[in-house]
Amino acid sequence: MARGIRNNHGVAAAATPAAAPAGRWGRGVVVDSQVLETDRTASRAGALIFSTALFVVLFGLVQAVGLALAGQLTFASILVGLALGWLGVSGIHIAQQWERIVVLRLGRLNRVSGPGLVFTVPIIEHCALYVDMRTRSIPFGAKETLTADLVPLDIDAVLYWMVWDAEKACMEINNYSLAVQLAAQTALRDAIGRSTVASITIRRNQLDQELTKVLDQKVSEWGITVLSVEIRDIIVPEGLQESMSLEAQAEQRKKARIILMEAEQTIAEMAAEIGDAYEGNENALDVRRMHLMYESVRDTGGTVVLPSAFADGFTPDGGDVADVVKAAAK
């Protein structure tokens, strides 16, 4: 089923995943993640315009000279103009600031040139490869890859890498961009197979660092360095999400009960120490009781009535205050 992808300009573009194997990569290689192409990339239009203008200028000069000598355009002047224009385009090249050109002379490596104007000897020398030296980002992923506890996971990630040696990238590997992507997918699947679901979801940063180290060691011999690997999304099957949620809740309840028991143990130990400190000291206990009473009525604004020897002075024979109250009531 085709799905719609909306680009930066708000135009809906149709994407057909079933056509991916016969598309960009070919040779049966399926790209797991969709790439959203944008127009915010540098262009080689300047180099193409220069080559076209150079060809037109050389061809025009030859025709002008032939017209001045023969008085008219001839077939020979046209052939000479085409040949001279082709030689000019074949011998003068422009490498952008971020590009390096690998030049071969009679099939052997001669030099790596650029940026700027690059001159080659037509027929004898040719530009084998234009290498982009900028940092690149490649989305990759692993679909339905089994973990160590036999749980299938879908993981999407992004790889940031760059070419630091154009000569090795041209001579050591056929298609270095495709090789980097395949190596990243293989390393991700291997890392998933050696870990459990819990460890993958908890230590995502460690997984990023592990993949970066493994990939950098693998592709360094191709003149490529891996800057970082970032895990974007981890998708757990829906059938396992509920059970994992229950397991996580049970684990949290267990931790909460352990913390509560540890707090109660600490309180009991502190109470025992305080009891030892108050033992045999009645004055300290009285002060403590007064403090507790004050704390209990401070916020509520209540009143506490305490019996006192001062009230006994109002009785004729020093009797109880209750008897005095009863007598007054009669």
Side-chain angles (χ1 to χ4, degrees), residues 7-8 20 22-29 31 33-59 82-140 158-185 215-216 218-229:
N7 56 22
N8 292 341
R24 177 181 176 184
W25 298 108
R27 297 185 181 180
V29 178
V31 180
S33 302
Q34 294 179 346
V35 181
L36 299 180
E37 298 289 346
T38 64
D39 57 353
R40 299 182 182 274
T41 57
S43 157
R44 298 196 76 256
L48 297 177
I49 293 174
F50 174 81
S51 299
T52 304
L54 180 63
F55 180 86
V56 172
V57 169
L58 293 177
F59 181 81
L82 292 176
L84 186 60
W86 176 79
L87 290 176
V89 173
S90 301
I92 303 176
H93 312 273
I94 287 183
Q96 305 289 350
Q97 182 66 35
W98 59 86
E99 289 180 334
R100 301 296 182 270
I101 300 178
V102 181
V103 180
L104 300 183
R105 176 177 294 175
L106 296 179
R108 297 175 63 89
L109 177 66
N110 182 261
R111 65 188 183 276
V112 177
S113 301
L117 284 175
V118 177
F119 299 94
T120 59
V121 180
I123 301 176
I124 298 177
E125 295 180 347
H126 74 280
C127 299
L129 182 65
Y130 287 77
V131 181
D132 194 331
M133 307 295 290
R134 295 174 295 180
T135 301
R136 307 187 192 186
S137 60
I138 292 182
F140 69 100
V158 180
L159 173 66
Y160 294 93
W161 60 282
M162 63 178 297
V163 179
W164 58 270
D165 192 335
E167 178 181 339
K168 289 184 178 180
C170 180
M171 299 300 169
E172 300 295 336
I173 190 71
N174 180 21
N175 188 339
Y176 61 87
S177 181
L178 179 60
V180 168
Q181 184 177 19
L182 295 178
Q185 291 177 345
L215 288 175
D216 189 59
K218 184 176 184 61
V219 303
S220 59
E221 59 185 9
W222 303 335
I224 298 171
T225 182
V226 175
L227 302 177
S228 65
V229 178

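Any value given below was found using the heavy atoms of this structure, including those in side chains, with hydrogens, waters and symmetry copies removed. Values in this document were obtained by computation on a predicted structure and should not be read as measured data.
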Undergrad: How close do V163 and M133 get, heavy atom to heavy atom, and via which atoms?
TA: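 Between these two residues, the closest heavy atoms are O-CE, 3.1 Å.
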
Undergrad: Identify the two heavy atoms, one from A183 and one from L215, that lie closest to each other, and give their separation to 0.1 Å.
TA: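 Smallest interatomic distance, heavy atoms only, reads O-CD2, 3.4 Å.
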
Undergrad: Please give me the minimum heavy-atom distance between I101 and A95, naming the atom from each residue.
TA: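 For I101 versus A95, the nearest heavy atoms are CD1-CB, 3.7 Å.
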
Undergrad: Quick check: do Y176 and V131 have side-chain heavy atoms less than 4.5 Å from each other?
TA: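 Heavy-atom side-chain distance check passes, below 4.5 Å.
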
Undergrad: Are any of the side-chain heavy atoms of F140 and V180 separated by less than 4.5 Å?
TA: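 The answer is no, as the side chains (C-beta and beyond) never meet within the 4.5 Å cut-off.
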
Undergrad: Looking at CG of D132 and CD of E99, how far apart are the two atoms once the value is rounded to the nearest 0.5 Å?
TA: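 Answer rounded to 0.5 Å: 6.5 Å.
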
Undergrad: Looking only at heavy atoms, which two atoms of F119 and R111 are closest? And how far apart?
TA: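 Shortest heavy-atom contact: O-NH2, 2.6 Å.
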
Undergrad: Using a 4.5 Å cut-off on heavy atoms from C-beta on, say whether the side chain of L104 contacts that of L109.
TA: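 The answer is yes; the side chains approach within 4.5 Å.
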
Undergrad: Taking side chain as C-beta onward, heavy atoms only, is S113 less than 4.5 Å from H93?
TA: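 Not in contact.
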
Undergrad: Please name the pair of heavy atoms, one in L58 and one in G88, separated by the smallest distance, quoted to 0.1 Å.
TA: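 It is CD1-CA, 3.7 Å.
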
Undergrad: Check S220 against W164 and note the closest heavy-atom contact, atom names and distance.
TA: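 Heavy atoms only, the tightest pair is O-CZ2, 3.7 Å.
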
Undergrad: Check the pair V219, T225 against side-chain contact (heavy atoms from CB on, under 4.5 Å), reporting the backbone distance first and the verdict last.
TA: CA-CA 7 Å; V219 303; T225 182; over 6 Å; no

Undergrad: Quick one: CH2 on W161 to CD1 on I138, what's the gap to the nearest 0.5 Å?
TA: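 Atom-to-atom, W161:CH2 and I138:CD1 are 5.0 Å apart.
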
Undergrad: Any non-hydrogen side-chain atom of F59 less than 4.5 Å from a side-chain atom of L82?
TA: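 Yes, their side chains come closer than 4.5 Å.
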
Undergrad: Do the side chain of T120 and the main chain of S90 share a donor and acceptor less than 3.5 angstrom apart?
TA: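 Yes; judged by distance alone, with no hydrogens or angles, the pair exists.
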
Undergrad: So do R100 and E167 actually touch side chain to side chain, heavy atoms under 4.5 Å?
TA: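 A side-chain contact under 4.5 Å is absent here.
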
Undergrad: Can you tell me how far CH2 of W98 sits from OG1 of T135, rounded to the nearest 0.5 angstrom?
TA: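 Interatomic distance, T135 OG1 to W98 CH2, rounded to 0.5 Å: 13.5 Å.
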
Undergrad: Taking side chain as C-beta onward, heavy atoms only, is V102 less than 4.5 Å from M171?
TA: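 Yes. Closest side-chain heavy atoms under 4.5 Å.
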
Undergrad: Drop me the distance from L87's CG to I92's CD1, to the nearest 0.5 angstrom.
TA: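 Answer for the CG-CD1 pair, L87 versus I92, is 10.5 Å.
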
Undergrad: Would you mind reporting whether W222 and D165 have side-chain heavy atoms less than 4.5 Å apart?
TA: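 No - every pair of side-chain heavy atoms lies 4.5 Å or more apart.
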
